[in-house]
Every structure is written in structure tokens, then in C-alpha cells.
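Right, one structure below, let's go through it.
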Amino acid sequence: MNKIEKLHLAYFSPSGSTEKIVKTVASAIEGLPVETHDLLTSASRKKEYNFGRDELVIFGCMTAGKLFTLSDEIFACLHGDGTPFIGIATFGNTYYGIALKETLERATNSGFSVVALGAFVARHSIDPTFGADRPDAKDNELMKDFGRRAYEKVLGGDLTLHTQPKTGWSALEMGNKVVAYREEHPDEPYALPPSYKSKEISNACIKCGRCVRSCPVDAIDINNKTFDLDRCIGCWGCINRCPMHAIKSTSKEMADIMKMISDMPETRLEPEIFF
Ligand SMILES: Cc1cc2nc3c(=O)[nH]c(=O)nc-3n(C[C@H](O)[C@H](O)[C@H](O)COP(=O)(O)O)c2cc1C
Ligand code: SF4
Ligand code: SF4
């Protein structure tokens, strides 16, 4: 038997869905003190987070068929000591590709014992018509069941991952030219060229500063209403968090990709879990 003294929730969640999903999974684990680590801002990733063997980490990250470029920085500040780890990738009902495989590799390299992995569907942060209303009640039950089973596994002293997450994309996914590029360059981190990230801020902006405070890479100059597109990772957080809906993508390339995806028949994808 294993005794766990504390539960840690760590997440990178530009538009907020991943945070909710991590918290839903965690809600199945009762009786432990909980500490949260929101890794969105650059300041949060300058700290070091050290976890012991008698602690449990639930980590969630938004994904794009792969982890974002920032994942290296994120995992560089997380340090396990054989610490049990539950990894979560969220995706917008299109595909999660190799994101869980990458989560497993990075978490293992950072000293964690990965006991469970789950890919869960969220509303798509670029086009909310994909994964609309996800996660729903059925997803929430699956998440809680996932959390419960993972915790029981840890308490039982089994810190081995017995099933491996998938390592490629499906045929449907291969219809997408961005995926095709990623398939050819699997070791490259996910990064979009600047033209895919072009945005503008309309006169509806009230200069509340919310977008500036939540940009993971400090790429927004709100006084001049400009974006440093070389720094921007295209996470869509500023667009989704702006209370005035004042930020819009102006990227023709991104609009074309989303049109291509929306032209594919959308089927409801289900969460995938691995123990
Ligand atoms: C640039 C970008 C690329 C994305 N690529 C994919 C994708 O390839 N497949 C998919 O299903 N969802 C994709 N998504 C949707 C996100 O994975 C999904 O909305 C995610 O859960 C958002 O998490 P958050 O709300 O915590 O930011 C993408 C989102 C962004 C911003
Ligand atoms: S969040 Fe919206 S309203 Fe607030 S400063 Fe940014 S663009 Fe302006
Ligand atoms: S400027 Fe880029 S990196 Fe910053 S919040 Fe907006 S989309 Fe994300």
C-alpha cells in the first residue's frame, strides 16, 4: 500500500477548458489537501516545483495533435522524485495525435512515475463549433471514473503504466496538411509561422489588461494594440478571454485550415484513457 499526503494540480490552459478538466478528474479524489499550479504565465514558469514520492500530481495541457513549444519550459520547472503522475491532454474533438506519448516522455524525463494518461475532449478554442458543449455530463463521469481508478492504482502501489498511448495520427487526421507536416517532422515542437497568428484588436477594447495578464509569452502591447507574432504561440487564449470579444484572428491560413477541418464530417470522439 502507498500513502499519499498531498494532491497537486498543474495545468497549462490558455482558454480555461483544461483547468476545468483537471479539476473534474481531481474531484474524484477525496480527503487530500490540494495545491494548484497554474502554469499559464511566464512568471509561473520561472519558479521551480518539487514533488515528493508521497504526493500525487495531476497535470493537464492543451494540445494541437502535439504539445505546444512551451511544453519544454513547462516540464523544465516540474521536478518529480518518482512522484506518481496522472497526465491529461485536452483536444477539440479533432485529434490529439502524439500529445499523450509526448506527455509520457517528458514527465518520465522530469522524474515522475506516470500511472495513468487520459485524452479528453474540450470545446475547440479556435472554432467552438467543434467539440461544442464538451465536456458534457458523460465526459464528466468518465473523468471522475478515470481519477478514481488512477488514485486506487497509486494507493495499491502500482506505479507502472501497462498500456502505451498511441504514437501516430489516424487516416482522417492525415487529410489535414498541418498534420501531414507534423507526421514528417515528429520531433519538431508545435510552432505556427507568424502569419498563422496574425490578430487585431478592435475599438471595443476597454484596456482592462486581461489579455496581457494571461498571455503565456508576454506578446501583447495593449497600448499600441500590437502583437509580437514571433513570440506568440497561437494559443487563442487572448481571443477567448477578452470580455469584449475585441480580439480577432486575421490569419487567412488559419481560416483555411479551420474550413478544411469543418468540411470533414464531424463525429463525436470519446475520451481515451491508458493505465
Ligand atoms: C493552435 C491550436 C491548435 C489546435 N489544434 C488542435 C488539434 O490539432 N486537434 C484538436 O482536436 N484540437 C485542437 N485544438 C483545440 C484545443 O486542443 C482544445 O480546444 C483545448 O482543449 C483547449 O484547451 P484550453 O481551453 O485549456 O486552452 C487546437 C487549439 C489551438 C489554439
Ligand atoms: S482583454 Fe480585451 S478588452 Fe481587455 S485589454 Fe485585452 S483586448 Fe482590451
Ligand atoms: S498573443 Fe498569442 S500567445 Fe499570447 S495569448 Fe494571444 S494567442 Fe496566446
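Looking only at distances, a side-chain donor or acceptor of Thr41 sits under 3.5 Å from a matching main-chain atom of Ser44. Remark: the backbone N or O of Gly87 is not paired with any side-chain donor or acceptor of Thr103 at under 3.5 angstrom. Side-chain atoms of Ser13 never come within 3.5 Å of backbone atoms of Ser15 as a donor-acceptor pair (strictly under, hydrogens ignored). In this structure, the side chain of Asn224 does not engage the main chain of Thr226 through any donor-acceptor pair within 3.5 Å. Counting only distance, with no hydrogens or angles, the side chain of Lys6 and the backbone of Pro33 share no donor-acceptor pair below 3.5 Å. For Ser27 (side chain) and Thr24 (main-chain N/O), a donor-acceptor pair under 3.5 Å exists by modelled atom type. Under the 3.5 Å distance criterion, the side-chain polar atoms of Glu102 are left unmatched by any main-chain donor or acceptor of Lys66. Without hydrogens or angle criteria, Lys248 side chain to Ala246 main chain gives no donor-acceptor distance under 3.5 Å. Between the side chain of Glu55 and the backbone N or O of Gly52 there is at least one donor-acceptor pair closer than 3.5 Å. Of the possible donor and acceptor atoms, one in the side chain of Asn93 sits under 3.5 Å from a partner among the backbone N and O of Leu269.
Atom CH2 in Trp236 sits 8.5 Å away from atom SG in Cys238 (nearest 0.5 Å). The distance from the CZ atom of Arg45 to the CZ atom of Phe75 is 13.0 Å, given to the nearest 0.5 Å. Expressed to the nearest 0.5 Å, how far CZ of Phe12 lies from CG of Asp38 amounts to 9.5 Å. How far CG of Leu100 is from CG of Leu161: 9.5 Å, rounded to the nearest 0.5 Å. Going from atom CD1 of Ile98 over to atom CD of Glu105 covers 7.5 Å, rounded to the nearest 0.5 Å. Here the SG atom belonging to Cys211 is positioned 4.0 Å from the CD1 atom belonging to Ile220, to the nearest 0.5 angstrom.
The existence of a salt bridge linking Arg106 and Asp72 is confirmed by a sub-4.0 Å separation between a basic side-chain nitrogen and an acidic carboxylate oxygen. We find that Asp218 and Arg213 are not joined by a salt bridge, their nearest charged nitrogen and carboxylate oxygen being 4.0 Å or further apart. The existence of a salt bridge linking Asp256 and Lys252 is confirmed by a sub-4.0 Å separation between a basic side-chain nitrogen and an acidic carboxylate oxygen. For the pair Arg134 and Asp139, the salt-bridge criterion is met [side-chain N within less than 4.0 Å of a carboxylate O].
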Salt bridge (Lys or Arg N to Asp or Glu O under 4.0 Å) for Asp136 and Arg268? Distances and angles first, verdict last. CA-CA 12 Å; Asp136 57 16; Arg268 179 193 165 92; 2.9 Å; yes
Can Leu104 and Leu117 be said to form a side chain to side chain contact (heavy atoms under 4.5 Å, CB included), step by step? CA-CA 8 Å; Leu104 172 61; Leu117 292 168; 4.1 Å; yes
Walk me through whether Ile88 and Phe120 qualify under side chain to side chain contact (heavy atoms under 4.5 Å, CB included). CA-CA 7 Å; Ile88 293 169; Phe120 293 100; 3.8 Å; yes
Before giving the answer on side-chain hydrogen bond (donor to acceptor under 3.5 Å, both in side chains), spell out for Ser198 and Ser251 the whole-Å C-alpha distance, their side-chain angles and the decisive distance to 0.1 Å. CA-CA 5 Å; Ser198 62; Ser251 166; 4.7 Å; no
With side chain to side chain contact (heavy atoms under 4.5 Å, CB included) as the criterion, how do Ile58 and His8 come out once you've worked through the C-alpha distance, each side chain's angles and the decisive distance to 0.1 Å? CA-CA 6 Å; Ile58 305 181; His8 292 272; over 6 Å; no
Kindly determine whether Thr18 and Thr90 satisfy side-chain hydrogen bond (donor to acceptor under 3.5 Å, both in side chains), including the steps that lead there. CA-CA 6 Å; Thr18 309; Thr90 63; 2.8 Å; yes
Before giving the answer on side chain to side chain contact (heavy atoms under 4.5 Å, CB included), spell out for His162 and Phe275 the whole-Å C-alpha distance, their side-chain angles and the decisive distance to 0.1 Å. CA-CA 6 Å; His162 300 282; Phe275 289 97; 5.8 Å; no
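Here the side chains of Phe51 and Leu78 are in contact, with some heavy-atom distance below 4.5 Å. Between Thr63 and Phe68 the shortest side-chain heavy-atom distance does not fall below 4.5 Å. Residues Glu73 and Cys77 are not in side-chain contact: their nearest non-hydrogen atoms beyond the backbone lie 4.5 Å or more apart. Considering only heavy atoms from C-beta on, Val114 comes within 4.5 Å of Thr108 through its side chain. Residues Ile74 and Leu67 have side chains not in contact (no heavy-atom distance under 4.5 Å, counting atoms from C-beta outward). Considering only heavy atoms from C-beta on, Pro84 comes within 4.5 Å of Ile4 through its side chain. Side-chain contact between Phe59 and Cys61 is present, with heavy atoms from C-beta onward closer than 4.5 Å.
With sequence neighbours excluded, the residues satisfying salt bridge (Lys or Arg N to Asp or Glu O under 4.0 Å) with Lys138 are Glu270. Partners of Arg53 by salt bridge (Lys or Arg N to Asp or Glu O under 4.0 Å), not counting sequence neighbours, listed by chain and number: Asp81. Under the rule for a salt bridge (Lys or Arg N to Asp or Glu O under 4.0 Å), Lys47 has no partner lying at least two apart in sequence or in another chain. With sequence neighbours excluded, the residues that form a salt bridge (Lys or Arg N to Asp or Glu O under 4.0 Å) with Lys23 are Glu19. With sequence neighbours left out, Phe227 forms a ring-ring contact (aromatic ring centres under 6.0 Å, His included) with no residue at all.
A centroid separation of 6.0 Å or more is found between the aromatic rings of Tyr49 and His79.
Leu142 and Ile273 are members of different hydrophobic clusters when ILVMFWY side chains are connected at heavy-atom separations under 4.5 Å. No continuous path of hydrophobic side-chain contacts links Ile201 to Met244 [ILVMFWY only; heavy atoms under 4.5 Å]. Transitive grouping of hydrophobic side chains (ILVMFWY, heavy atoms separated by less than 4.5 Å) keeps Ile206 and Val212 in distinct clusters. By the rule that hydrophobic residues join a cluster once side-chain heavy atoms approach within less than 4.5 Å of another member, Phe85 and Phe274 end up as members of one cluster.
For Lys20, the NZ atom is loosely surrounded, since the number of other residues' heavy atoms within 6.0 Å does not exceed 12. Atom CD of Glu30 sits in a sparse spot, with 12 or fewer heavy atoms from other residues, nucleotides or ligands closer than 6.0 Å.
The two residues Arg231 and Val217 make their nearest non-hydrogen contact at NE-O, 2.8 Å. Across Lys199 and Cys232, no two heavy atoms sit closer than the pair NZ-SG, 3.3 Å. Residues Pro216 and Ile233 share a closest heavy-atom pair of CG-CD1, 4.3 Å. Heavy atoms only, all atoms of each residue included: Asp127 and Thr129 are closest at OD1-OG1, 2.6 Å. Between Leu9 and Ala26, the closest heavy-atom pair is CD2-CB, 3.5 Å. The shortest non-hydrogen separation linking Ile21 to Pro135 is CG1-CG, 4.0 Å.
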Result block: side-chain N/O donor-acceptor pairs under 3.5 angstrom for residues 143-151, not counting sequence neighbours:
none

